[in-house]
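Atoms within each ligand, like the ligands themselves, are counted from 1 in listed order. The figures that follow rest on heavy atoms only: side chains count, while hydrogens, waters and symmetry mates do not. In this chain, residues are counted from 1 in sequence order.
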Amino acid sequence: MKAKRGFTPDIAIVCAVCLLPALWLLWRFFNNDLGVNPVETVVRQLGVWGLRLLVLGLALTPLARIFRQGRFIRWRRPIGLFAFGYVSLHLLSYVVIDQYFDWGQIWADILKRPYITFGMIAFALLIPLAATSFNAAIKRLGGVVWRNLHRLIYVIVPLGALHYFLLVKADKTLPLVYAAIIGLLLGWRVWEWIRRRA
Ligand code: HEM
């Protein structure tokens, strides 16, 4: 049977679901419902949805194996691109509404605040992945190079979680939950790799 390709109905649903947090945030904005610190709410919500989608993207391969759902593999690309979208808006909101384009202050933050440094590294590493998420790029790079490049995600997601862990000052439970899930997902891959070699 020929594998399904392109913008199939399940991909359309995945995209619609990924758009919901952004629409919810817009709804809250227009209804003056962003809390006492709207800037912080926007920056944090965009960041947390970026991280959630990155982790979900990482979970799709094991979930596809466990539930024998090949379609989950095809969902990785739209979910990865939405994650990049949310993280880009997260960075943009920090630059525009938090720092008012104060490049000196932003540069000082990158150098002085480790959580910003790691967030920035994670974002910079995401750019080549997003830029090569299209069929033409896969063809041009070749499958092996493309696959190796996209293994950067195994560094990016932990960096995103580290960024989160470092910025939370009081209760670190939630960042630790993310770290544990990411650890499990990466551990599963290492286990798979060892099993296949054996
Ligand atoms: C892959 C990249 C990134 C991910 C996954 C990510 C994720 C997150 C998460 C989960 C939060 C906390 C949300 C919460 O408290 O509910 C956060 C907050 C934040 N992030 Fe990021 N982020 C990334 C990159 C960046 C970059 C590049 C910058 C800026 C240069 C940045 C600046 C911030 C700031 C300023 C906060 C809020 C800190 C505060 O309110 O105290 N992040 N981010």
Side-chain angles (χ1 to χ4, degrees), residues 17-29 33-61 75-133 149-186 189:
V17 171
C18 288
L19 264 179
L20 289 179
L23 294 177
W24 175 235
L25 207 55
L26 269 179
W27 172 266
R28 288 176 65 189
F29 171 76
D33 184 27
L34 288 171
V36 281
N37 191 339
V39 171
E40 190 185 276
T41 306
V42 169
V43 173
R44 289 186 161 214
Q45 281 298 305
L46 291 169
V48 88
W49 278 103
L51 184 61
R52 281 174 187 160
L53 291 179
L54 283 173
V55 175
L56 180 62
L58 210 56
L60 285 172
T61 305
W75 294 1
R76 287 183 310 183
R77 198 190 315 195
I79 287 177
L81 283 171
F82 269 99
F84 179 69
Y86 278 102
V87 174
S88 304
L89 290 175
H90 173 60
L91 171 60
L92 195 69
S93 60
Y94 161 77
V95 170
V96 179
I97 56 175
D98 195 22
Q99 299 294 325
Y100 302 107
F101 297 102
D102 184 345
W103 300 110
Q105 182 56 46
I106 293 168
W107 186 239
D109 267 1
I110 294 173
L111 295 182
K112 269 194 229 142
R113 295 184 187 209
Y115 82 86
I116 297 278
T117 317
F118 288 118
M120 214 52 210
I121 297 172
F123 177 73
L125 293 177
L126 265 178
I127 297 171
L129 301 205
T132 55
S133 279
L149 177 68
H150 279 248
R151 288 201 173 117
L152 273 178
I153 201 68
Y154 304 144
V155 179
I156 295 168
V157 186
L159 280 176
L162 178 63
H163 163 75
Y164 187 16
F165 178 82
L166 292 175
L167 73 88
V168 172
K169 295 284 174 296
D171 185 0
K172 300 235 184 215
T173 311
L174 209 52
L176 285 173
V177 169
Y178 277 96
I181 295 171
I182 294 164
L184 264 177
L185 294 172
L186 294 181
R189 276 170 166 88

For S133, does its backbone N or O pair with a side-chain atom of R77 as donor and acceptor, under 3.5 Å?
yes

Looking just at side-chain N and O atoms, do T41 and R28 make a donor-acceptor pair shorter than 3.5 Å?
no

Between the side chain of T117 and the main-chain N/O of L111, is any donor-acceptor distance below 3.5 Å?
no

With a cut-off of 4.0 Å, which atoms of ligand 1 are near a heavy atom of M120?
27 (C), 30 (C)

Hey, would you say the H163 and Y115 ring centroids sit under 6.0 Å apart?
yes

When you compare the side chains of R52 and Y86, does any donor N or O come within less than 3.5 Å of an acceptor on the partner?
no

Under 4.0 Å from one or more heavy atoms of A122, ligand 1 contributes atoms 1 (C), 2 (C)

Using 0.5 Å steps for rounding, measure from the CG atom of L126 to the CG atom of L54.
5.5 Å

With atoms numbered from 1 as shown, which atoms in ligand 1 lie under 4.0 angstrom from a non-hydrogen atom of E40?
40 (O)

Under 2.8 Å from atom 21 (Fe) of ligand 1, protein N/O/S atoms total 2

According to the side-chain hydrogen bond (donor to acceptor under 3.5 Å, both in side chains) rule, which pairs have a member within residues 92-101, sequence neighbours left out?
Y94-D109

